[in-house]
Number of protein chains: 2
Amino acid sequence: MSRPDLERLGAVYPRYLNAVVLHGLATAQAVGMGPTDLYATGTLAFHGRMTSGELAAKTGLTTGATTRLIDRLEQRGLVRRVPDPADRRRVLVEAVATDAIGLDDALAPAREKLGAVFVSCSAEEIATLTEHFERATPAFHEAIEAVREAE
Amino acid sequence: MSRPDLERLGAVYPRYLNAVVLHGLATAQAVGMGPTDLYATGTLAFHGRMTSGELAAKTGLTTGATTRLIDRLEQRGLVRRVPDPADRRRVLVEAVATDAIGLDDALAPAREKLGAVFVSCSAEEIATLTEHFERATPAFHEAIEAVREAE
DNA sequence: AACATTATCTGCTTCTATGCAGATATTAGC
DNA sequence: GCTAATATCTGCATAGAAGCAGATAATGTT
C-alpha cells in the first residue's frame, strides 16, 4: 500500500467488507438459517454438483457436521442428494433451483440500494467493477484456503 | 438490470458477495470467535463509541444478548466499557486498539491476494473502485436495516 | 416527592451447530 | 478373495449463543 491512491482505499475497504459480511449475517437471520447453511447453499448453487466431502472442505466442517448440514438443507428443499453412479460411496449434492426460503425477498433491499449505486455508473466504470469482482472472487477463495491451512 | 453491461455484472456479483461472506466466516473461525462477535467488534472499531443499546440495534440482538456479547468481547480485551457521564444508566462501548486475537495474521492471506489484485490496477481504476466501495458501504447498511424491519 | 420510563444486567432455559468416535458401505490394491 | 483405504452416515456429548422475563439503577415527568 505505498501508492498514494491506495492509501485511501486502505481506509475505505475494511469498512466495506465489514458491511458486506454484516449484511450476509442479517440475511441469514432473515431467512431463518445459520450463516454457514445459507452460504454453503450459495456455494453449491454457483459451483454446481459437489460431493459431500468437497463441501466439507469448502465449509471447513468435519464430514460428520457436513452430513447434518446437507440434511438441514435437504429438509428445506434447497438441495438434493444424488448418488454418484461412478463411486457409490459418494453422494453428490446439488442445489435445487427453487427459492423455498424467501431469499429473494430478503435480498430485495440490497438489490434495490446496490442497484441504484450501479445504475448511476458509466459503462466504463461498470466494466472496471465487473472485472474487479471477477478477479477478487478467486482471491477470496484462495485466502479462505490459506486461512484454514494456517491452523 | 436492463443495460447490457449490467447483465454480466448480475452474474458475477452474487458469486463475489458469496466469497466475501465465506471469507468472513472463515476468518471468524480462525480467530476463534463467532461471526457476530467478530463483526460487531469491527462495527465498534469503525463507528467509534456506542451505547450497548445502539450496538444491540446494529447487531439485531436483544439487549440481554448484547450484554453477553460485550462481556465476551471485553474478556478478550477487544472492547472496553465506559460509563456515560451524562446518563449513568448507559454504558458506552469502545473498541480497544489492540489485536489481542491474531486478526492481522488471519487477514494476511486476504491482504496479500487482494493486494495483488489492487496493485495491478491503474490509478483511475482504483479511483473508480474506491468510490464504489464508499457508496456501497452505506447502501449495505441501509439494506441491513430494511431486512431487519421486514420481519 | 411519587410514579412512569428507559438502559443495562442477571438467572434461567432452550436450541442448534459442531465435534468426535465408531458404524456401514464401497472401492482399490495385492 | 482378502485386506486396506475411502466416503458418508449415526449416536452421543458439548458448548455456546440467544431469547425471555424479571431485577436493578438512573432519569424524566407531573
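Within every chain, numbering begins at 1; the chains are lettered A, B, ... in the order of the sequence lines, protein sequences first and strands thereafter.
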**Q** Can you give the donor-acceptor pairs under 3.5 Å from side chains of residues 109-123 of chain B to other protein atoms, not counting sequence neighbours?
**A**
from     : atom 1 : to       : atom 2 : distance (Å)
B:Arg111 : NH2    : B:Asp104 : O      : 2.8
B:Ser120 : OG     : A:Arg135 : NH1    : 3.4
B:Ser120 : OG     : A:Arg135 : NH2    : 2.5
B:Ser120 : OG     : B:Val117 : O      : 3.0
B:Ser122 : OG     : B:Glu124 : N      : 3.4
B:Ser122 : OG     : B:Glu125 : N      : 3.1
B:Ser122 : OG     : B:Glu125 : OE1    : 3.4

**Q** Would you mind reading off the distance between B:Leu73 atom CG and D:dA17 atom C1', rounded to a whole angstrom?
**A** 13 Å

**Q** To the nearest 0.5 Å, what is the distance between CZ (A:Arg148) and OG1 (A:Thr59)?
**A**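 Spacing of CZ (A:Arg148) from OG1 (A:Thr59) equals 6.5 Å.
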
**Q** How many Å lie between CG on A:Leu92 and C1' on D:dC9, as a whole number?
**A**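 Answer to the nearest Å: 16 Å.
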
**Q** Where each residue is assigned the nucleotide of DNA chain D containing its nearest heavy atom, which of A:Ala65 and B:Gly34 is assigned the position nearer the 5′ end?
**A**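 Its nearest nucleotide being more 5', the pick is A:Ala65.
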
**Q** For D:dT27, does the base pair up with any side-chain atom of B:Arg89 as donor and acceptor (N or O, under 3.5 Å, distance only)?
**A** no

**Q** Determine the contact category for A:Thr36: base if any of its heavy atoms lies under 4.0 Å from a base atom, sugar-phosphate if only primed atoms, P, OP1 or OP2 are that close, otherwise nothing.
**A**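 Touches sugar-phosphate only.
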
**Q** Which of these nucleotides, C:dT18, C:dC9, D:dT8, is closest to any side-chain atom of A:Ser52?
**A**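 Given the options C:dT18, C:dC9, D:dT8, the side chain of A:Ser52 is closest to D:dT8.
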
**Q** C:dT8, D:dA18, C:dC20: which one has an atom nearest the side-chain heavy atoms of B:Thr63?
**A** C:dT8

**Q** Of the listed nucleotides (D:dA26, C:dT18, D:dT8), which one gets closest to any side-chain atom of B:Arg88?
**A**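 My answer, after comparing the listed nucleotides, is D:dA26.
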
**Q** What orientation do B:His132 and B:Tyr13 show, parallel under 30°, tilted 30 to 60°, or perpendicular over 60°?
**A**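 Ring orientation of B:His132 relative to B:Tyr13: perpendicular.
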
**Q** Counting side-chain heavy atoms from C-beta on, which of C:dT26, D:dC9, C:dT8 comes nearest to A:Arg81?
**A** D:dC9

**Q** Check the surroundings of atom CZ in B:Arg72: do more than 12 heavy atoms from other residues, nucleotides or ligands lie under 6.0 Å from it?
**A** yes

**Q** Identify which nucleotide among D:dT27, C:dT26, C:dT10 has an atom closest to any side-chain atom of B:Thr67, counting heavy atoms from C-beta outward.
**A**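 When the side chain of B:Thr67 is considered, C:dT10 is the closest of D:dT27, C:dT26, C:dT10.
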
**Q** Counting the atoms with a prime plus P, OP1 and OP2 as sugar-phosphate, which does A:Leu61 contact under 4.0 Å by heavy atoms, base, sugar-phosphate, or nothing?
**A** sugar-phosphate

**Q** Once you round it to whole Å, what is the distance between P of C:dA17 and CE of A:Met33?
**A**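 Answer to the nearest Å: 9 Å.
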
**Q** Among D:dA18, D:dT8, C:dT8, which nucleotide has an atom closest to any side-chain atom of A:Thr51?
**A** D:dT8

**Q** Of the listed nucleotides (D:dT27, D:dT8, C:dG19), which one gets closest to any side-chain atom of A:Arg68?
**A**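 For A:Arg68, the side-chain atoms sit closest to C:dG19.
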
**Q** Return the value, rounded to whole Å, for the distance between atom CG of B:Asp84 and atom P of C:dT8.
**A**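 B:Asp84 atom CG is separated from C:dT8 atom P by 9 Å.
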
**Q** Taking for each residue the nucleotide of DNA chain C with the nearest heavy atom, is it B:Val91 or A:Thr66 whose nucleotide lies nearer the 5' end?
**A**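 On the 5' side of the pair lies B:Val91.
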
**Q** For the side chain of A:Arg72, starting at C-beta, report the closest nucleotide among C:dA17, D:dT8, D:dG19.
**A** C:dA17

**Q** CG/B:Leu69 to OG1/B:Thr41 distance, rounded to the nearest 0.5 angstrom?
**A**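 Answer for the CG-OG1 pair, B:Leu69 versus B:Thr41, is 7.0 Å.
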
**Q** Find the distance A:Asp87:CG to D:dT6:C1' and express it as a whole number of Å.
**A**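 To the nearest whole Å, that distance equals 8 Å.
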
**Q** Calculate the interatomic distance between A:Asp37 atom CG and C:dC15 atom P; express it in whole Å.
**A**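 After rounding, the gap between these two atoms is 17 Å.
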
**Q** Among the candidates D:dT8, C:dG19, C:dT8, find the nucleotide nearest to the side-chain atoms of B:Gln29.
**A** C:dG19

**Q** Tell me: CG of A:Asp71 to C1' of C:dT16, nearest whole Å?
**A** 14 Å

**Q** Does anything in residues 85-102 of chain A form a side chain to side chain donor-acceptor pair (under 3.5 Å)? List the pairs, not counting sequence neighbours.
**A**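 Matches after skipping sequence neighbours: A:Arg49-A:Glu94, A:Arg80-A:Glu94, A:Asp87-A:Arg89.
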
**Q** In whole Å, I'd like the distance from the CE atom of A:Met50 to the P atom of D:dT8.
**A** 12 Å

**Q** Indicate, with a heavy-atom threshold strictly under 4.0 Å, whether B:Gly53 touches base, sugar-phosphate, or nothing.
**A**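 It contacts sugar-phosphate atoms only.
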
